[in-house]
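Some notes on the structure that comes next.
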Amino acid sequence: MHQVCLPEAGPPRPRHRRALVVRRGAGQGGGTSRETRGDFPVRYRTLGTDGPQVSVVGFGAMNLTPVYGGVEEDDAAETLLAALDAGVTFVDTADIYGAGSSEALIGRMLEKRRDEYVLATKFGGNQDAEGILVPGMGRPEYIRRALDASLARLRTDHVDLYYLHRLDPSTPIEETAGALGELVAEGKIGGYGLSEVSARTLRRAHAVHPVTALQTEYSPFQRAPERELIPACAELGVAFVAYSPLGRGLLGGQVRGFDDLEAGDWRRGNPRFQAGNVERNVSLADRVATLAAEQGVTTAQLVLAWLVHRGALPIPGTRKAANARANAAAGGVTLDAAVFERLEETVPPDAVAGAQGSDAYLANLDTE
């Protein structure tokens with residue numbers, strides 16, 4: 001099994017540039033240390049080869065919008081603040097989450113705490129009425145407009161990590177990487193990342209300007225990145241960020257069947273949650289829950305600890321403050337490697353029923 005070579009590092013310290021509490025890392029040789037927040041330790045790692053230090057468990061802010069059904073702004077704000085107070089220093093959002101509402105909420109709630117966390121956002125994920133990506137979102141002029149709009153919503157003058165959300169088929173990745181490299185040189189972004197691209201695309205972009213992070217779906221329910229993407233990240237010194245680390249809710253215990261999904265929840269159209277598939281997947285999740293209970297942790301904490309053990313940086317999302325605190329605590333969970341091996345045996349690759357979005361998307365990327 002491959003593991004991403006993401007070194008662990010000490011707790012954040014102030015940086016002179018923009019006074020961020022998360023300092024630049026020391027590369028591949030960083031040691032391990034912890035900082036106590038409440039009743040559990042928080043661990044930090046360098047983001048990529050020479051990026052800022054971040055908590056090993058971050059926070060994905062898509063759930064703060066109605067993508068999984070209705071959400072109250074007060075609850076979303078409480079959850080976001082709970083994550084930071086629990087020691088999370090890596091916050092991930094995108095301009096399409098709630099049509100900018102996720103970014104706007106982060107801007108309103110965290111403007112005065114900007115020096116406490118590493119901020120990542122994304123551009124280039126807009127789709128037309130038929131669900132097709134809008135062409136041209138990887139072009140330099142679009143990138144600059146999108147970044148300025150995001151900065152205004154986020155109420156900041158820079159983002160620490162700026163991702164291309166989806167590959168723009170109409171623009172060579174070299175052109176996009178070059179434009180993002182210019183923004184790094186200008187100080188408007190600290191580094192750039194790619195989301196849902198092939199290993200070949202990652203290498204092409206990295207040859208133009210070093211990529212800081214690659215983000216894609218990764219969990220015990222989605223092991224495809226282990227084949228090519230994770231080894232490529234390890235080779236290049238690129239951080240591997242795992243979104244949907246809890247199987248889009250199946251491994252978090254929130255979903256027991258199709259009827260648990262609200263009317264506006266996009267998962268109602270996902271094959272993983274359809275009748276015949278969801279029952280099998282819940283059964284798999286139950287086996288993981290049994291293993292977690294034996295270790296005295298929640299299912300979510302076991303899965304997140306497994307991802308950290310594998311070298312990934314998971315960014316779980318939630319709408320509940322209690323879950324945000326529990327997820328943050330997973331970064332301090334220490335279990336014997338044999339437990340993680342049992343988890344992998346419990347949910348072997350390709351055991352999940354139903355198409356897994358990332359596989360289908362990556363299959364259509366550049367193969368020439």
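Please read all numbers here as calculations on a predicted model, not as lab measurements.
- For Tyr162 (side chain) and Gly190 (main-chain N/O), no donor-acceptor pair under 3.5 Å exists by modelled atom type.
- Looking at every heavy atom in both residues, Leu194 comes nearest to Leu202 through CD1-CA, 4.1 Å.
- With hydrogens and angles ignored, the 3.5 Å screen pairs no side-chain donor or acceptor of Glu111 with any backbone N or O of Arg108.
- Here CG of Asn63 is found 12.0 Å from CG of Leu80. Values are rounded to the nearest 0.5 Å.
- The ring pair (Phe, Tyr, Trp, His ring centres under 6.0 Å) contacts involving residues 75-94 comprise nothing, where partners must be two or more places apart or lie in separate chains.
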task = Could you walk me through whether Asp350 and Arg223 pass side chain to side chain contact (heavy atoms under 4.5 Å, CB included), step by step?
result = CA-CA 7 Å; Asp350 303 322; Arg223 303 279 295 278; over 6 Å; no

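- Relative orientation of the Trp306 and Tyr218 rings is tilted, given thresholds of 30° and 60° on the angle between their planes.
- Under the 4.5 Å side-chain heavy-atom criterion for ILVMFWY residues, a single connected hydrophobic cluster contains both Ile173 and Val184.
- The line from CZ of Arg342 to CD of Gln295 is 6.5 Å long, rounded to the nearest 0.5 Å.
- In this structure, Ile143 and Thr176 approach most closely via the heavy-atom pair CD1-CG2, 3.9 Å.
- With rounding to the nearest 0.5 angstrom, the OG1 atom of Thr346 is 9.0 Å from the CG atom of Leu302.
- Note: Tyr142 and Phe123 have tilted aromatic rings, judged against thresholds of 30 and 60 degrees for the angle between ring planes.
- When all heavy atoms of Ala199 and Leu229 are compared, the closest pair comes out as N-CD2, 3.4 Å.
- Judged by a 6.0 Å distance limit and a 45° cone about the ring axis, Arg114 is positioned over the six-membered ring of Tyr117.
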ask   = Can you list the steps and then say if Leu119 with Thr156 is a side chain to side chain contact (heavy atoms under 4.5 Å, CB included)?
value = CA-CA 10 Å; Leu119 176 60; Thr156 185; 4.2 Å; yes

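- Proximity of Ser283 to Arg287: side-chain heavy atoms (C-beta onward) are separated by under 4.5 Å at one or more points.
- Not a single donor-acceptor pair under 3.5 Å links the side chain of Arg310 to the backbone N or O of Ser219.
- In this structure, Asp168 contributes its side chain and Met137 its backbone to a donor-acceptor pair below 3.5 Å.
- Summarising the geometry of Gly237 relative to Thr49, their closest heavy-atom pair is O-OG1, 2.9 Å, with the distance given to 0.1 Å.
- Looking only at atom types and distance, the side chain of Asp92 has a donor-acceptor partner in the side chain of Gln215 under 3.5 Å away.
- At distances below 3.5 Å, at least one donor-acceptor pair connects side-chain atoms of Ser198 with backbone N or O atoms of Thr201.
- Side-chain N/O atoms of Gln222 and Tyr243 include no donor and acceptor closer than 3.5 Å.
- In this structure, the side chains of Val159 and Leu147 come closer than 4.5 Å at one or more pairs of heavy atoms.
- Taking the side chain as every heavy atom from C-beta outward, Val56 and Tyr44 never approach each other to under 4.5 Å.
- For Ser244 (side chain) and Gly247 (main-chain N/O), no donor-acceptor pair under 3.5 Å exists by modelled atom type.
- Within a 6.0 Å radius of CD in Glu175, more than 12 heavy atoms belonging to other residues, nucleotides or ligands are found.
- No side-chain N or O of Thr121 forms a donor-acceptor pair with one of Thr93 less than 3.5 Å apart.
- Distance CG/Leu81 to CZ/Arg113: 6.0 Å, rounded to 0.5 Å.
- With values rounded to the nearest 0.5 angstrom, Gln301 atom CD is found 10.5 Å from Leu246 atom CG.
- What you find for Pro245 and Val303 is that their closest heavy atoms are O-CG1, 3.2 Å.
- You'll find the side chain of Glu103 reaches within 4.5 Å of the side chain of Asp95, heavy atoms only.
- In this structure, the side chain of Arg166 does not engage the main chain of Leu133 through any donor-acceptor pair within 3.5 Å.
- With a 4.5 Å cut-off on side-chain heavy atoms, Phe240 and Pro225 count as touching.
- Ser101 places a side-chain N or O within donor-acceptor distance of the main-chain N or O of Gly98, the cut-off being under 3.5 Å.
- Connection of Leu251 to Leu335 is established within a shared hydrophobic cluster, with ILVMFWY side chains joined at heavy-atom distances below 4.5 Å, either directly or through further cluster members.
- With contacts defined as side-chain heavy-atom distances shorter than 4.5 Å, the pair Ile132/Gln127 does not qualify.
- Taken to the nearest 0.5 Å, the CD atom of Glu235 stands 14.0 Å off from the CD1 atom of Ile230.
- Nearest heavy-atom pair across Ala338 and Asp336 is N-OD1, 2.8 Å.
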task = Any chance you could lay out the side chain to side chain contact (heavy atoms under 4.5 Å, CB included) test for Glu182 and Lys188, step after step, and finish with the verdict?
result = CA-CA 9 Å; Glu182 291 178 1; Lys188 296 187 75 172; over 6 Å; no

ask   = So Phe59 and Leu64, side chain to side chain contact (heavy atoms under 4.5 Å, CB included) or not? Walk me through it.
value = CA-CA 11 Å; Phe59 181 83; Leu64 303 182; 3.9 Å; yes

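- In this structure, the side chains of Val118 and Val91 stay at 4.5 Å or more apart for every pair of heavy atoms.
- Between the side chain of Arg325 and the main chain of Ala86, no donor-acceptor pair closer than 3.5 Å is present.
- Val352 is not listed as a side-chain neighbour of Arg280, based on a closest heavy-atom distance of 4.5 Å or more.
- Under the 3.5 Å distance criterion, the side-chain polar atoms of Thr318 are matched with a main-chain donor or acceptor of Lys320.
- Counted by atom type alone, Gln53 and Thr46 present zero donor-acceptor pairs between their side chains at under 3.5 Å.
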